[in-house]
Asks: 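Structure in structure tokens, see below.
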Amino acid sequence: MLKPSLVLAAAASLGLGGLAIAQSSRDYISIVGSSTVYPFTTAVAESFGKSGRYKTPKVESTGTGGGIKLFCNGVGVQHPDVANASRRIKASEVQACAKNGVKEVTEIKVGYDGIVVANARSAQIFKLSRKDLYLALAKQVPDPANSGKLINNPYKTWREINKILPADKIEVLGPPPTSGTRDAFLELVMEPGCESYDWIAGLAKSDKNRFKSICHTIREDGGYIEAGENDNLIVQKLDASPKTLGIFGYSFLEENLNKLHGSLIDGKQPTFENIASGDYPVSRALFIYVKKAHVGVIPGLKEFVAEYTSERAFGQEGYLVDKGLIPLGSAEAKQVRANATGMANLKL
Amino acid sequence: MSKGVRTAELVEKGLKRRYRAEWMFQAYGIAAVSLGIIFVLFLFYSVISKGYTSFAQTYVQLEIQYDEQIIDPEGARDIETLRMADYMSLVRTSLKDMFPQVEGRANLRKLYELVSSNAPFRLQNRVMDDPALLGTTQKVWVLAGDEVDQFMKGQITADEEESTRPLNDQQLAWIGVLEQRGVIEKRFNTEFFTNGDSREPEQAGVAGAAMGSFFTLIVTLLLSFPIGVASAVYLEEFAPRNRWTDLIEVNINNLAAVPSIVFGLLGLAVFINFFGLPRSAPLVGGLVLTLMTLPTIIIASRASLKAVPPSIREAALGMGASQIQMVAHHVLPLAMPGMLTGTIIGMARALGESAPLLMIGMVAFIVDVPQAITDPSTALPVQIYLWADSPERAFVERTSGAIMVLLLFLLLMNGLAVILRNRFERRW
């Protein structure tokens, strides 16, 4: 016979007991942030854990913005120790951090990542300029008939933008606004494309807000399709529909070269060499941010940073390169390693 | 008389149309059921055809010389020395001995890619278990690299262009040699069921996620079953019928339809931010899923209480039982099979849920298999989501493999619910 009262009492005590064990200490490193940096940080975390001296760090994939927000929530074991970021931390975020007591943060640049515009191998390779991409994807573009005026994006096919492109419908799969990849794409492709019009470039100084709204607003009439944070999904969709282009990180192109090829941007192919040398125009730096107040409190934090910046991890032939990271040049790597060992404070 | 003839005529006239209507209705029904079956078969086909290969794994046999000069030059057999020794070089030496003609840094790198990066750790474990191995030469099977494994399973083929194939022609030739010598083979992949997550597909397993799901469900069951049954019994048997109980009933029904992500947000705000419980813990996951499954359990329990005929209650009361005795001794045991069925179905839904876990930090890379309800962990559906998002090609089969494991658990739970219902349910 079941005694409901007994079970109830047991459940209640378990519930209350659970509430009483609010976290007082933590023996593993907690990391949050960008899904682009996630594959690299997890590789370091795993290798760090395998050495056997410390527990394997926990790495959450929350997106850059969400990760920095969690990171900046405060100092103490319930807050994360490291934030992954696929862009540099913003001044406003640093202020928010400081307001919550997170005053000292070390910035570590771990490498570069290229953003590629790719399509299926069965279709022809696109030769794009950043201006072409701006005209194809912006919500409003300069009126070709009336200079100095904006009109809603009239372009339906690539041929209308540039005669050397195919007459296919403009259809691009890309990341949603929460993604760091999207932020970087806006900054590295849309802005320069936009600035190829002198009068818009002039606005960058005189009317910053208007400049941003012209260059950073993506069309919403079906030409640009938000495909979620999952880059693998974009890869699979591209394979199925050869007339579509996709925007995603270089590591996904590298793993799927049997299905996809990357478009040339301003005449440069997205290859490992071109991104590493900086010739390929659409590449960005990846960062991790470390909370200095947690060094010495959370076991192994300093050693984790040392592992990340070691030659065998982020060096020219380290294991992160096998995972698709574009490494820093050797002089820069040295500088970063020195900063990391000394836990230098972030300077914006 | 004439009236009767007219009725018969009318019936006759309409008969064909009525038969047709019935036939059409049945046809619609059959079409709907077949469509459902086709979709289910399609799902199973796509998951199983992609995922069955994840249950096999390629291993390579290496001849390892446990060189004392490398592992323990002082001969003290100190645990720390054994732990920190350079096992990597043992693996590399063994590969070089197998292919002595390989020269040059780049080529050697390609050669080392044939075996998984965890091979040195395997040797480390062996030596630490049995230091007597030092100085001997042993044949050891180690995991092959993920790309070699994909090639052995036919996911990467030799017809692909070399420039776009993850393995170059040279590596394919080496694999050919290994095959000739019989030192490469596929075996049942036990590590898939004993390992936690990993960035290397060949080392990744579902044990961590399965344990996380298990702990989460235990917490959910321990909380939601007693609370759900108690609420249902009170509302059905004791509570007065008035505006308040009506309001509560409407709210419970509404809660059952709230999207699960909302419960995740609530859990984040209440359990983590307010009570300060650890992020990513099965404890918090279980609490959140409790909130989500409670309405389901309450509704199912009330329905099965309602199904107990009033005569049972009246007989008990007539024999002098008190209200609580009537409920505890007679109604509850009769209603229990229905309540358990509802609970199991609620649990199955909780097992497949990932959205609320996103908000409370269970979408994370966690290598160590969790040992308690406060250890950081993931859950099976979350593991599937994370693997589906990984760039390595070998994760495609792992993803489908994990889906198969999850489906198996769901089938088992739903099967248990059916058995319970058939075995113990009484019809009146």
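Quick caveat, the model's predicted, so the values are computed rather than measured. These values consider heavy atoms only, across backbone and side chains, with no hydrogens, waters or symmetry-generated copies. Below, chain A is the first sequence line, B the second, and so on; all start at residue 1.
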Asks: Specify the closest pair of heavy atoms between A/G318 and B/R109, including all atoms of both residues, with the distance to one decimal.
Replies: O-NH2, 4.4 Å
Asks: Would you check if A/Y38 and B/L386 make a side-chain contact, meaning some heavy-atom pair closer than 4.5 Å?
Replies: yes
Asks: Using non-hydrogen atoms only, which part of B/Q203 is less than 4.5 Å away from chain A: side chain, backbone, both, or neither?
Replies: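 B/Q203 touches chain A through side-chain heavy atoms alone.
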Asks: Please give me the minimum heavy-atom distance between B/G361 and A/E60, naming the atom from each residue.
Replies: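 Looking at all heavy atoms of both residues, the shortest contact is CA-OE1, 3.2 Å.
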Asks: Spell out, as yes or no, whether a donor-acceptor pair under 3.5 Å connects the side chain of A/K323 to the backbone of B/R199.
Replies: yes
Asks: Relative to chain B, which of A/N256, A/V235, A/N73, A/L70 shows the most heavy atom pairs under 4.5 Å?
Replies: A/L70
Asks: Hey, are the side chains of A/N258 and B/R393 touching, using non-hydrogen atoms and a 4.5 Å cut-off?
Replies: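 Yes, side chains in contact.
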Asks: Got more than 12 heavy atoms from elsewhere within 6.0 Å of CZ, B/F274?
Replies: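 No, not enclosed.
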Asks: Taking A/K259 first and then B/E160, would you say they form a salt bridge - that is, a charged N and a carboxylate O separated by under 4.0 Å?
Replies: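 Answer for the salt bridge query: no.
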Asks: Which pairs with one or both residues in residues 27-45 of chain A pass salt bridge (charged side-chain N to carboxylate O under 4.0 Å, His left out), sequence neighbours excluded?
Replies: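 Of all non-adjacent pairs touching residues 27-45 of chain A, those that pass salt bridge (charged side-chain N to carboxylate O under 4.0 Å, His left out) are A/D27-A/K55.
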Asks: If only side-chain N and O atoms count, and only distance matters, is there a donor-acceptor pair under 3.5 Å linking B/Q124 with A/K50?
Replies: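 No.
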Asks: What's the separation between atom OG1 in A/T41 and atom CZ in B/F365, rounded to the nearest 0.5 Å?
Replies: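 So the OG1 of A/T41 and the CZ of B/F365 are separated by 10.5 Å.
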Asks: Out of B/E200, B/E113, B/E161, which one racks up the most heavy-atom pairs below 4.5 Å with chain A?
Replies: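 Greatest number of close heavy-atom pairs with chain A: B/E200.
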Asks: Under the salt bridge (charged side-chain N to carboxylate O under 4.0 Å, His left out) rule, what pairs show up with a residue in residues 368-379 of chain B, not counting sequence neighbours?
Replies: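 Those involving residues 368-379 of chain B do not exist here.
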Asks: Checking heavy atoms, do the side chain of B/S390, its backbone, both or neither come under 4.5 Å from chain A?
Replies: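 Contact with chain A: backbone only.
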Asks: When you look at B/I272 and A/Q78, which way does the side-chain contact (heavy atoms from CB on, under 4.5 Å) test go after all the steps?
Replies: CA-CA 9 Å; B/I272 293 181; A/Q78 69 273 36; over 6 Å; no
Asks: Looking at B/G196, B/A388, B/G286, which one has more heavy-atom pairs under 4.5 Å with chain A than the rest?
Replies: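 That would be B/A388.
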Asks: Heavy-atom pairs under 4.5 Å with chain B: which of A/V59, A/L257, A/V32 has the most?
Replies: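 If we count pairs closer than 4.5 Å to chain B, A/V59 comes out on top.
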Asks: Side-chain contact test, heavy atoms from C-beta onward, threshold under 4.5 Å: evaluate it for A/Y319 versus B/S117 and give yes or no.
Replies: no
Asks: Between A/P57 and chain B, which part of the residue has a heavy atom less than 4.5 Å away: side chain, backbone, both or neither?
Replies: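 A/P57 touches chain B through backbone heavy atoms alone.
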Asks: With a 4.5 Å heavy-atom cut-off, do B/R279 and A/S30 have their side chains touching?
Replies: no
